[in-house]
Structure formats: structure tokens, C-alpha cells
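The model shown is predicted, which means the values in this text are computed figures rather than measured ones.
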Amino acid sequence: MIEVKISELSYNGEIIKKIIFSSELQFNFRTVYQTLNGVPLLERVCLDSTRNEISTITILVGTDYKVVAFRKIIRDSDDDLIIFEDYKLVNNEFILIHRYINEPLNPSDIYSKRKCSAYDGKGKLHYILINSIEYDADGNERSEDTPLENFETIDDIEMQYLDEAVQKLLLK
């Protein structure tokens with residue numbers, strides 16, 4: 001059964017509708033932002049693979065549903081996250097902006113604690129997450145609230161396009 005939650009929210013001074021479609025397992029597979037008149041602003045669609053291999057999250061904008069960003073999620077046979085990669089549209093070409101790698105701390109013991117490493121699109125390490133503690137590229141503990149410079153994810157792209165769409169509404 002699909003559950004649909006519709007809410008109105010104030011976003012940068014404009015009232016918009018947010019519609020969330022969830023599965024019976026509470027998995028949000030589609031989120032739609034639109035004007036109160038039903039004009040689409042942005043949509044986030046999650047396609048989960050039934051074979052536990054590759055899933056995607058796609059960001060679509062406008063009435064023509066232009067794909068502006070996507071996340072490729074790769075899982076192992078136990079359905080554990082291994083890698084995800086974020087891409088954004090730049091000059092009609094998708095470029096890698098973020099890679100997140102989840103691996104065992106001890107490679108000879110796949111059930112050991114995990115280490116998650118986050119890289120930008122050029123391969124520069126930005127942070128490592130071990131046992132819920134985040135470290136910067138130099139190994140110093142850092143707060144999750146501290147912004148990372150020159151680091152962008154699909155979530156940043158989503159908010160950027162939603163901001164732009166709402167700004168266009170305000171100009172009308």
C-alpha cells in the first residue's frame with residue numbers, strides 16, 4: 001500500500017505543496033514540490049532495485065521534468081551499501097561531484113566495524129566516518145555541523161534548484 005502525505009510549507013516566503021509518497025515499509029520513494037496550483041517545481045524519485053545491486057535517486061525540475069542530478073547507489077549481495085556516487089548536470093553532461101565508499105575497517109574481516117569515506121568529484125578526500133565519529137582528511141575529529149568547502153552532494157543540488165524555483169515564483 002502506498003501512503004501519500006501532503007503538506008503546505010512556507011519556503012523563502014512562498015507557500016508551496018510538498019507531497020511525499022511512501023511504501024508500507026515507510027520508504028519515501030517520491031517527493032514532489034509544486035505550487036499551490038499544481039505546477040511542478042522539483043521532484044525527487046528513488047528507484048530501488050529489487051535485486052539489491054544498483055538503485056538511483058533522481059532530481060527532476062520544472063514542468064518538463066529535466067533531470068539535473070542523480071545518485072547511483074551500489075549495494076552488495078547482503079543489501080549493505082558499498083558505494084554511492086552523485087552526479088550533476090553541467091553543460092549538458094553529467095559530472096561526478098561526490099563519491100561515498102563504505103568498507104570494513106579490517107579488509108580481512110568483512111563483518112568488522114565500517115569506515116565510510118567521502119570524496120569530491122576529483123577524488124579529494126573530505127571526511128571519514130568511523131563509529132559515528134567524523135574526521136577530516138587530516139584525521140582530526142570534526143563536527144558534522146561544520147560546512148565542507150568545495151564539497152557538494154545531490155542534497156545540495158536539490159536545495160539549490162528548489163531555491164531557484166521558488167525565487168522565480170516570487171518574481172512573478
Side-chain angles (χ1 to χ4, degrees), residues 1-50 54-75 81 83-102 116-127 129 134 136-137 142-172:
M1 177 142 166
I2 295 174
E3 184 177 326
V4 179
K5 293 179 188 172
I6 301 173
S7 59
E8 290 182 5
L9 56 119
S10 176
Y11 193 87
N12 290 345
E14 183 72 28
I15 303 296
I16 60 174
K17 260 196 256 185
K18 180 178 183 181
I19 306 165
I20 300 174
F21 298 82
S22 303
S23 70
E24 55 199 24
L25 301 174
Q26 299 302 309
F27 172 69
N28 295 343
F29 61 88
R30 183 175 174 211
T31 303
V32 177
Y33 296 91
Q34 57 185 223
T35 67
L36 293 177
N37 297 331
V39 176
L41 301 171
L42 183 138
E43 189 166 330
R44 181 182 182 114
V45 180
C46 303
L47 300 175
D48 201 17
S49 170
T50 56
I54 298 177
S55 303
T56 60
I57 297 173
T58 306
I59 306 298
L60 307 121
V61 295
T63 56
D64 58 349
Y65 295 96
K66 181 179 181 179
V67 176
V68 294
F70 70 92
R71 172 175 284 166
K72 181 170 63 173
I73 304 165
I74 303 169
R75 299 179 184 279
L81 172 73
I83 296 172
F84 67 72
E85 297 175 331
D86 292 346
Y87 295 83
K88 78 173 182 178
L89 188 64
V90 176
N91 297 325
N92 292 322
E93 185 178 331
F94 285 99
I95 62 164
L96 177 68
I97 59 168
H98 175 223
R99 176 177 279 143
Y100 185 88
I101 301 172
N102 181 353
C116 303
S117 306
Y119 300 86
D120 66 17
K122 295 180 177 151
K124 178 184 175 195
L125 177 66
H126 280 265
Y127 70 88
L129 182 66
E134 205 169 283
D136 64 19
R142 68 176 297 279
S143 167
E144 289 181 29
D145 299 329
T146 306
L148 295 164
E149 291 185 34
N150 302 316
F151 187 72
E152 187 172 49
T153 70
I154 194 172
D155 302 316
D156 300 318
I157 303 300
E158 179 178 353
M159 289 300 101
Q160 172 193 337
Y161 275 96
L162 187 56
D163 286 345
E164 288 175 12
V166 171
Q167 286 305 315
K168 287 179 185 174
L169 280 176
L170 292 172
L171 295 175
K172 289 184 177 184

Taking all heavy atoms of [X] and all of [Y], pick out the closest pair and write down the distance.
X: Leu42; Y: Tyr161; value: CD1-CB, 3.7 Å
X: Pro40; Y: Gln34; value: CA-CB, 4.0 Å
X: Cys46; Y: Ile57; value: SG-CG1, 3.8 Å
X: Tyr127; Y: Leu125; value: O-CD1, 3.5 Å
X: Met1; Y: Glu24; value: N-OE1, 2.8 Å
X: Ala69; Y: Ile154; value: CB-CG1, 4.1 Å

Between [atom1] on residue [X] and [atom2] on residue [Y], distance to nearest 0.5 Å:
X: Asn102; Y: Ile74; atom1: CG; atom2: CD1; answer: 12.5 Å
X: Glu85; Y: Ile101; atom1: CD; atom2: CD1; answer: 8.0 Å
X: Phe84; Y: Cys116; atom1: CZ; atom2: SG; answer: 8.5 Å
X: His126; Y: Asn150; atom1: NE2; atom2: CG; answer: 7.0 Å
X: Ile73; Y: Asp86; atom1: CD1; atom2: CG; answer: 8.5 Å
X: Phe94; Y: Lys72; atom1: CZ; atom2: NZ; answer: 13.0 Å

Partners of [X] by side chain to side chain contact (heavy atoms under 4.5 Å, CB included), sequence neighbours excluded?
X: Leu9; result: Ser7, Tyr11, Ile16, Lys18
X: Ala165; result: Leu41
X: Ser10; result: Ile15
X: Asp155; result: Arg44, Arg71, Thr153, Glu158

Quick check: do Leu129 and Tyr100 have side-chain heavy atoms less than 4.5 Å from each other?
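The answer is yes; the side chains approach within 4.5 Å.
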Using side-chain heavy atoms (C-beta onward) and a distance below 4.5 Å, is Val90 in contact with Ile97?
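No; the side chains remain at least 4.5 Å from each other.
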Ring pair (Phe, Tyr, Trp, His ring centres under 6.0 Å) partners of Tyr119, counting only residues at least two apart:
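With sequence neighbours excluded, Tyr119 shows a ring pair (Phe, Tyr, Trp, His ring centres under 6.0 Å) to no residue whatsoever.
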For side-chain contact (heavy atoms from CB on, under 4.5 Å), just list the numbers for Lys88 and Ile95, CA-CA rounded to whole Å, side-chain angles, deciding distance to a tenth of an Å, and then say yes or no.
CA-CA 6 Å; Lys88 78 173 182 178; Ile95 62 164; 4.3 Å; yes
side-chain contact (heavy atoms from CB on, under 4.5 Å) between Leu89 and Val67, worked out
CA-CA 8 Å; Leu89 188 64; Val67 176; over 6 Å; no
Side-chain donor-acceptor contacts of residues 26-33 below 3.5 Å, not counting sequence neighbours, with atom names and distances?
residue, atom, partner, partner atom, Å
Asn28, OD1, Ser22, OG, 2.6
Arg30, NE, Glu43, OE2, 2.6
Arg30, NH2, Glu43, OE2, 3.3

Is a side-chain N or O of Asn37 found less than 3.5 angstrom from the main chain of Val39, in a donor-acceptor match?
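Such a contact is absent between Asn37 side chain and Val39 backbone.
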